[in-house]
Amino acid sequence: MTKRIITFGTFDVFHIGHINILERAKKQGDYLVVGVSSDLLNFEKKQRYPVYPQEQRVRILESLRFVDEVFIEESLDLKVQYIQENKADVLVMGDDWAGKFNSMQKYCEVIYLPRTPSISTSEIIEVVKAL
Ligand code: C2G
């Protein structure tokens, strides 16, 4: 049976940390679905709009060979719905979210993978600003 994986994130200013988590997420099963935070949801989470608009972030993710399907995540409160709609067997998140999604264990397996050290969208924005 096909094992379906789901993961979520903004994936703004796409970088190697994003590649690493998506590649490792795909290795947990056979089919990887990615929920990309909408521009508005990112504003709610981080009090700023992403650098890349959601249509571009979706296109970048869709072009990766280890990503099978992409949808827009409109709200953090719809996790259960997204997991069920996508028939996800496993939810994968970076360990900056460790523990935060344990309530989803009722619906699927939940795995937190270690983040890639020393890189983040916010740090890249700071570096570019300082140039
Ligand atoms: N990530 C990583 N290593 C980094 C940076 C990010 O493994 N150096 C992972 C994060 O842990 C996350 C994914 O890449 O699993 C996407 O990161 P963000 O775009 O920062 O995601 P975030 O805005 O935290 O959104 O519903 C959950 C949220 O939508 C997650």
Side-chain angles (χ1 to χ4, degrees):
M1 216 187 73
T2 308
K3 194 170 181 187
R4 294 172 64 91
I5 314 297
I6 195 166
T7 192
F8 295 88
T10 309
F11 301 100
D12 190 26
V13 188
F14 200 81
H15 59 67
I16 195 73
H18 297 145
I19 292 280
N20 287 338
I21 191 123
L22 292 169
E23 197 175 29
R24 285 178 296 158
K26 175 65 177 258
K27 284 185 181 149
Q28 308 299 314
D30 309 296
Y31 192 88
L32 175 61
V33 183
V34 182
V36 185
S37 303
S38 67
D39 293 342
L40 208 57
L41 173 55
N42 194 72
F43 187 82
E44 288 167 19
K45 281 192 298 190
K46 301 181 183 173
Q47 286 71 57
R48 66 166 179 80
Y49 283 101
V51 177
Y52 298 169
Q54 62 192 45
E55 294 73 21
Q56 295 184 15
R57 292 183 285 114
V58 165
R59 291 256 287 141
I60 290 168
L61 286 159
E62 280 175 345
S63 72
L64 299 173
R65 66 169 175 269
F66 35 81
V67 172
D68 297 291
E69 208 176 309
V70 181
F71 70 93
I72 301 275
E73 178 193 28
E74 305 279 0
S75 162
L76 291 180
D77 302 328
L78 294 176
K79 281 273 171 330
V80 174
Q81 186 183 315
Y82 294 136
I83 288 169
Q84 291 182 334
E85 274 173 4
N86 288 289
K87 298 182 170 40
D89 301 298
V90 185
L91 167 64
V92 170
M93 291 300 299
D95 62 2
D96 46 327
W97 290 90
K100 301 254 167 62
F101 295 111
N102 287 356
S103 60
M104 296 301 124
Q105 282 161 348
K106 273 181 271 174
Y107 308 97
C108 64
E109 189 183 341
V110 179
I111 298 180
Y112 303 99
L113 296 176
R115 271 172 73 94
T116 302
S118 319
I119 187 153
S120 72
T121 299
S122 352
E123 274 174 53
I124 296 170
I125 293 172
E126 290 312 311
V127 168
V128 173
K129 270 191 192 161
L131 287 177

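Each ligand, and each atom within it, is numbered from 1 in the order the structure gives.
Within the 3.5 Å criterion, the main-chain N or O of Gly17 finds no donor-acceptor partner in the side chain of Arg115. Looking only at distances, no side-chain donor or acceptor of Asp95 sits under 3.5 Å from a matching main-chain atom of Tyr112. Side-chain N or O atoms of Gln54 include one that pairs as donor or acceptor with a backbone N or O of Asp39 at under 3.5 Å.
Taking only nitrogen or oxygen atoms, main chain and side chain alike, Ser37 reaches within less than 3.5 Å of ligand 1. Residue contacts with ligand 1: Thr10 is placed with a nitrogen or oxygen under 3.5 Å of a nitrogen or oxygen of the ligand (distance criterion only). Between His15 and ligand 1, not a single N/O pair is under 3.5 Å apart. When only interatomic distances are considered, the shortest N/O to N/O separation between Leu76 and ligand 1 does not fall below 3.5 Å. Taking only nitrogen or oxygen atoms, main chain and side chain alike, Arg24 does not reach within less than 3.5 Å of ligand 1. At least one N or O atom of Phe11 sits closer than 3.5 Å to an N or O atom of ligand 1. Taking only nitrogen or oxygen atoms, main chain and side chain alike, Asn42 does not reach within less than 3.5 Å of ligand 1. Considering backbone and side-chain N/O atoms, Thr7 never comes within less than 3.5 Å of an N/O atom of ligand 1.
For ligand 1, the atoms closer than 4.0 angstrom to any heavy atom of Ile119 are 4 (C), 5 (C), 8 (N). Close approach of ligand 1 to Glu73 (heavy-atom distance below 4.0 Å) involves ligand atoms 26 (O), 29 (O). For ligand 1, the atoms sitting less than 4.0 Å from at least one non-hydrogen atom of Lys46 are 20 (O), 22 (P), 23 (O), numbered in the order shown with element in parentheses. The distance from ligand 1 to the heavy atoms of Phe8 drops below 4.0 Å at these ligand atoms: 26 (O), 27 (C), 30 (C). Contact atoms of ligand 1 toward Gly94: 11 (O), 15 (O) (distance under 4.0 Å to a heavy atom of the residue). Remark: ligand 1 atoms within the under-4.0 Å shell around heavy atoms of Lys79 are 26 (O), 27 (C).
Within the 4.0 Å heavy-atom criterion, neither part of Asn20 lies near ligand 1. Counting heavy atoms under 4.0 Å from ligand 1, residue Ile21 touches it through the side chain alone. At a heavy-atom distance under 4.0 Å, only side-chain atoms of Asp96, from C-beta outward, approach ligand 1.
Of the options Phe101, Tyr112, Tyr82, Trp97, the smallest heavy-atom separation from atom 24 (O) of ligand 1 is shown by Trp97. Distances from atom 2 (C) of ligand 1 to the heavy atoms of Lys100, Arg115, Met93 show the closest one on Arg115.
Atom 3 (N) of ligand 1 has as its closest protein heavy atom Thr116 N, 3.1 Å. Looking at atom 28 (C) of ligand 1, its nearest protein heavy atom turns out to be Lys45 NZ, 3.2 Å.
The aromatic rings of Phe14 and His18 lie tilted to each other, with the angle between the two planes from 30° to 60°. Below 30°, between 30° and 60°, or above 60°: for Tyr49 and Phe43 the angle between ring planes is below 30°, a parallel geometry.
Within the structure, ligand 1 lacks Ser120 among the residues with a heavy atom less than 4.0 angstrom away.
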Quick one, Glu44 with Leu76, criterion side chain to side chain contact (heavy atoms under 4.5 Å, CB included). Give me CA distance, side-chain angles, the key distance, then yes/no. CA-CA 10 Å; Glu44 288 167 19; Leu76 291 180; over 6 Å; no
Evaluate the criterion side chain to side chain contact (heavy atoms under 4.5 Å, CB included) for residue pair Glu109 and Asp89; output intermediate values, then yes/no. CA-CA 6 Å; Glu109 189 183 341; Asp89 301 298; over 6 Å; no
Test salt bridge (Lys or Arg N to Asp or Glu O under 4.0 Å) on Arg4 and Asp68 and set out the steps. CA-CA 10 Å; Arg4 294 172 64 91; Asp68 297 291; over 6 Å; no
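Looking at every heavy atom in both residues, Asp30 comes nearest to Met1 through OD2-O, 3.8 Å. Closest of all the heavy-atom pairs between Ala25 and Leu32 is CB-CD1, 4.0 Å.
Side-chain contact between Tyr82 and Phe71 is present, with heavy atoms from C-beta onward closer than 4.5 Å.
Judged purely by distance below 3.5 Å, without hydrogens or angles, the side chains of Thr10 and Lys45 pair a donor atom with an acceptor atom. Defined by atom type and a distance below 3.5 Å, a donor-acceptor pair is missing between the side-chain atoms of Thr121 and Asp12.
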